[in-house]
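Read the structure below first, then the notes.
Convention: sequence-line order gives letters A, B, ...; per-chain numbering from 1.
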Protein chains: 2
Amino acid sequence: MGFRMANIQEVAKKAGVSVATVSRVLNHHPSVTPKTRVKVETAIRELNYEPSMLGRNLRNSESRLLLVLIPSISNPFYTEIINGIQTTAIKHRYNILLCETNSDPRRENIFFNMVKNKLADGIISMDPTINRQKLTELAEHHSVILCSEYMEDGSIPYVTIDNERAAYQAVKHLIILGKKKIALINSDERFLYARQRRKGYEKALREFEIPISEELIYNTHELNFHDGVQAMRMLLRMEEKPSAVFAVSDTLAIGALKEIKASGLKAPDDIAVVGFDNIHFSNMSNPTLTTIAQPMYKMGATAATMLINQIQSKQVESILLDHELIIRESTMG
Amino acid sequence: MGFRMANIQEVAKKAGVSVATVSRVLNHHPSVTPKTRVKVETAIRELNYEPSMLGRNLRNSESRLLLVLIPSISNPFYTEIINGIQTTAIKHRYNILLCETNSDPRRENIFFNMVKNKLADGIISMDPTINRQKLTELAEHHSVILCSEYMEDGSIPYVTIDNERAAYQAVKHLIILGKKKIALINSDERFLYARQRRKGYEKALREFEIPISEELIYNTHELNFHDGVQAMRMLLRMEEKPSAVFAVSDTLAIGALKEIKASGLKAPDDIAVVGFDNIHFSNMSNPTLTTIAQPMYKMGATAATMLINQIQSKQVESILLDHELIIRESTMG
DNA sequence: CTCCTTCATGTAACGCATTACATAGCATAA
DNA sequence: TTATGCTATGTAATGCGTTACATGAAGGAG
C-alpha cells in the first residue's frame, strides 16, 4: 500500500509552470491564460492528480467536514436528525462524519482533537453523557452546537424542544382519558431531558390534583426495549396496577407494551401507553404507539445551519422547536 | 473562532530545547534525559499543548482513523456490525468514522479522497450501491475491505455469509412446516445478496418439486417497513393467497406481518413469515419473527481485523461466516 | 594528555497546497 | 522611443511534526 499520489509540484513540472499556477487553476483564479489553464488541466488529467485535503487543510484551516457526535447509532431516535443535518450540510458543501462515542471519554477526546487540529470545522453533539467541561473548553475557540440534549448554563448554543411541556401534554392526555394511576418510566435522571420530562409529568398530575407516588416512577439504566419490559414488569407487580404509563422513549414504551400483553392485559383498555420520539417503529408496534413527535429532521437541519453560521463567525441563538402529540392506538384503541 | 493552539516550536522554545527533543518526548523515545523530559513535559502542560494530527499525518502517512461506509444509518441491520468494527478497532488503537453515503456518488468521492489523502488509513464498505470501479481503483493502492456486500470478481477481500444457503434454509423451514405456496419479498436484484437469496429460494422449491411462480416474487425498491406492507398488500390481492412469505430483510418482514394482520389473517396459521437479519425489533414484533441471524458483531469484528491487517501489509483472505435460523412465533406460533 | 566512543541534543529537509509579494513581459500613451 | 501600467506567472514563506544526519560534550582507554 506504499503508494504516493502525484502532488502539485509534479503537476507543475509536467505542465511546465509553477506550483502557484497549478493552485490557481485548481481554485479557478481568473488570472490564468486559457492556454496555460489547458496545459495544467492536461497535466492534472495525465497524472491523475487530486489535491491533498491534508496540505490544503494545513494551509487553509478549513476542511469542510463536520463531526456529529452520537452516543450510539443503535438508537433510531437519531436517524431523522442526522438526515436533517446531512441534507443541510451538503447544501452548504459540507460533509458530515458520524462519531459514535459509546460514552467513552477517550473517544470523545479524539473527536475533539480532530476539531482542534482542523481535521474538522465543527461539532454537533447529541451525546448527553459528554464531558461538559471539555466540551465547554472546546467551544471557547471552536464551533460547537448542541442538538436535542443541552446544557443549562447556556454558554453553548443549542436546538431542542420544550421537554417539560411535551411531557406535561402527554400525561395530560392520559388524564383526560380518565386515567388516574399513571406511571412514569423515566431514564437516568442524570440527563437533563429526563429531569425535565419528570417535571412535566409531575406538573400535569399536580394540576389535576393526582398525588405523585414514587412507587409509580421507575428509572431505567438505558433506553433499550428490554429496559422497558423490565420496568413494566416491576410496575405490574404492584398491588394496584397503574392504568397508564408514560415512557420517556418509544423503545421503552414498546417494551412496556410487550410486557403488558405478555401479562394478559390489554392496551389501551387496561393500561394506556404513551411514548416519546415517534421513531419509525412506533407505527409498527401492536397496538401502534401514541407518542410525542419531535421535529427531528428540522432539529437536525437547524443544528447544521447554526453550526455553519457559527463557523462563519455569525452570531447564533439557541432555539426551541415545537413538538406534537401523536395519538394512536395505545391510548385510543 | 480564529484561535491557534500552541505548536511544537512554542513548546520547544518554552522548554529551552529543540523541536526534535519535544517530538522525542512526545513519542517516548528512549534517548531523552529524565531532566530534559521533565522540562518538556512541564512546558507541554503549561501551554496546554496537544500535537496536531494534521502535521503528524502529513509526515507519517498514518491517521489511525478508519472509515466505515454505510448507505443509510436508518437500517438497524448495520448497528451490530458497527459495534464489532468499533470494538475491534479500538482494541488496535484505531478510531472509526461512520460515513453515510445515501448512495450519492459525490459523497463517496469525498470519503475515497480522505483515504487517498491520508486523512484515513482504510475503508470498510457496506454499501451495495457503491461505485465498483472507483472502489476497485482505490483498492489498488489503499486498504479496502468489503463487509456483508461484496464483489464477485474477488479482487477486494470481503467478509460475508453464504446468502444462498441461508435463503435455502429459510425456505426449506417453511416447506417442512407444510407450506406450499411460498412468496418471496426480495429487494432490488441489482444487489448481489438479492440475487443470491433468490437463488436459494428457488433451490429449496426445486428440491421439493414446488413450481416456481413469478407471481409469488415481489421486488421492493428499498428495505423499509413500508415496502414490506406494500409488497404484502400486492401478494394478498392474488386469487390464491400465499401460505408463507420469505422476506429478505426483517424490516420488510415486519411490514408484511403488519399487513397480514390488517387484512384479518393470522401469522403463522394463515401465512407464515420468515425474515432476514435478526434485527433487535424482530424480537419485539407481534408475533415475534422467525429470521436468519447473521453473526453481525463477528462480521464487523472480522472486517476490522482484516482491514487493520491489510493496512499493516499482511496478506488477507476473504471469509464466509456461518449464519443461523432463529425460529420464533411467525412460523411456529 | 590525547584520541575515540557514546549518548543527548540540535539542524534542517520533508510532506502539500496556498498566497502575498516580486518580476517579467507586453501594450498603450506620450 | 521611452515611460507607465497591467497582467500572467514565479518565488518563497507558511502551517506542523518527524527523523536522518550532524554536532557537541563527556567519559574511558591508552
Side-chain angles (χ1 to χ4, degrees), chain A residues 2-41 43-44 47-64 113-121 141, chain B residues 1-41 43-44 47-64 113-121:
Chain A
F3 173 71
R4 250 196 61 260
M5 277 248 300
N7 62 15
I8 198 168
Q9 5 272 338
E10 293 171 58
V11 175
K13 199 169 162 193
K14 177 145 204 152
V17 298
S18 73
V19 291
T21 303
V22 177
S23 176
R24 284 192 269 264
V25 171
L26 251 26
N27 294 294
H28 304 106
H29 249 261
S31 77
V32 181
T33 302
K35 215 173 78 180
T36 314
R37 163 156 300 141
V38 170
K39 270 197 301 186
V40 173
E41 279 166 352
I44 289 176
L47 291 174
N48 225 321
Y49 166 77
E50 296 191 52
S52 155
M53 304 170 92
L54 217 53
R56 191 170 267 176
N57 294 2
L58 194 58
R59 186 66 220 179
N60 282 359
S61 314
E62 188 198 55
S63 61
R64 302 205 81 84
N113 271 345
M114 286 184 67
V115 176
K116 286 190 196 159
N117 294 326
K118 324 288 179 70
L119 275 174
D121 295 346
H141 299 292
Chain B
M1 306 288 122
F3 172 71
R4 250 196 60 261
M5 277 248 300
N7 60 18
I8 199 169
Q9 7 271 337
E10 292 171 60
V11 175
K13 200 169 160 192
K14 177 143 205 153
V17 299
S18 73
V19 291
T21 303
V22 178
S23 176
R24 285 190 198 104
V25 170
L26 252 25
N27 296 293
H28 306 107
H29 248 261
S31 76
V32 181
T33 303
K35 214 173 78 181
T36 314
R37 163 156 300 142
V38 171
K39 270 197 300 184
V40 173
E41 279 165 353
I44 288 176
L47 291 174
N48 224 321
Y49 166 77
E50 296 193 50
S52 155
M53 304 169 91
L54 217 52
R56 192 170 265 176
N57 294 1
L58 196 57
R59 187 66 219 176
N60 282 356
S61 315
E62 188 198 54
S63 62
R64 301 205 81 84
N113 270 345
M114 286 184 66
V115 176
K116 285 189 196 159
N117 294 326
K118 323 288 177 72
L119 275 174
D121 294 346

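Atom CG in B:Asn57 sits roughly 13 Å away from atom P in D:dT19 (whole-Å rounding). Here D:dC16 presents its C1' atom at 15 Å from CG of B:Leu47, a figure rounded to the nearest Å. Regarding A:Lys35, its NZ atom lies at a distance of 13 Å from the C1' atom of C:dC26, rounded to whole Å. For the pair A:His28 NE2 and C:dA17 C1', the interatomic distance rounds to 15 Å; values are reported in whole Å. In this structure, A:Leu54 atom CG and C:dA17 atom P are separated by 10 Å, rounded to whole Å. Taking atom CD of residue B:Gln9 and atom P of nucleotide C:dA12, one finds them 14 Å apart after rounding to whole Å.
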**Report entry** Test side chain to side chain contact (heavy atoms under 4.5 Å, CB included) applied to A:Lys13 and A:Leu47, step by step
**Finding:** CA-CA 11 Å; A:Lys13 199 169 162 193; A:Leu47 291 174; over 6 Å; no
Report task. Between protein and nucleotides 18-23 of chain C, map the contacts as a letter string: B base, S sugar-phosphate only, - none, heavy atoms under 4.0 Å, written 5' to 3'. Result -> BB----
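Dense packing is recorded around NZ of A:Lys116, with more than 12 heavy atoms of other residues, nucleotides or ligands lying under 6.0 Å away.
Within 4.0 Å of B:Leu58, counting heavy atoms only, lies at least one base atom of the nucleic acid. Using a 4.0 Å heavy-atom distance criterion, A:Ser52 is classed as a sugar-phosphate-only contact.
The 5' end of DNA chain C is approached more closely, in terms of each residue's nearest nucleotide, by B:Ser18 than by the other of A:Glu50 and B:Ser18.
Put simply, the side chain of A:Ser52 gets close to the backbone of A:Leu54: a donor and an acceptor are under 3.5 Å apart.
Not one side-chain nitrogen or oxygen of A:Ser31 sits closer than 4.0 Å to the OP1 or OP2 atom of D:dT9.
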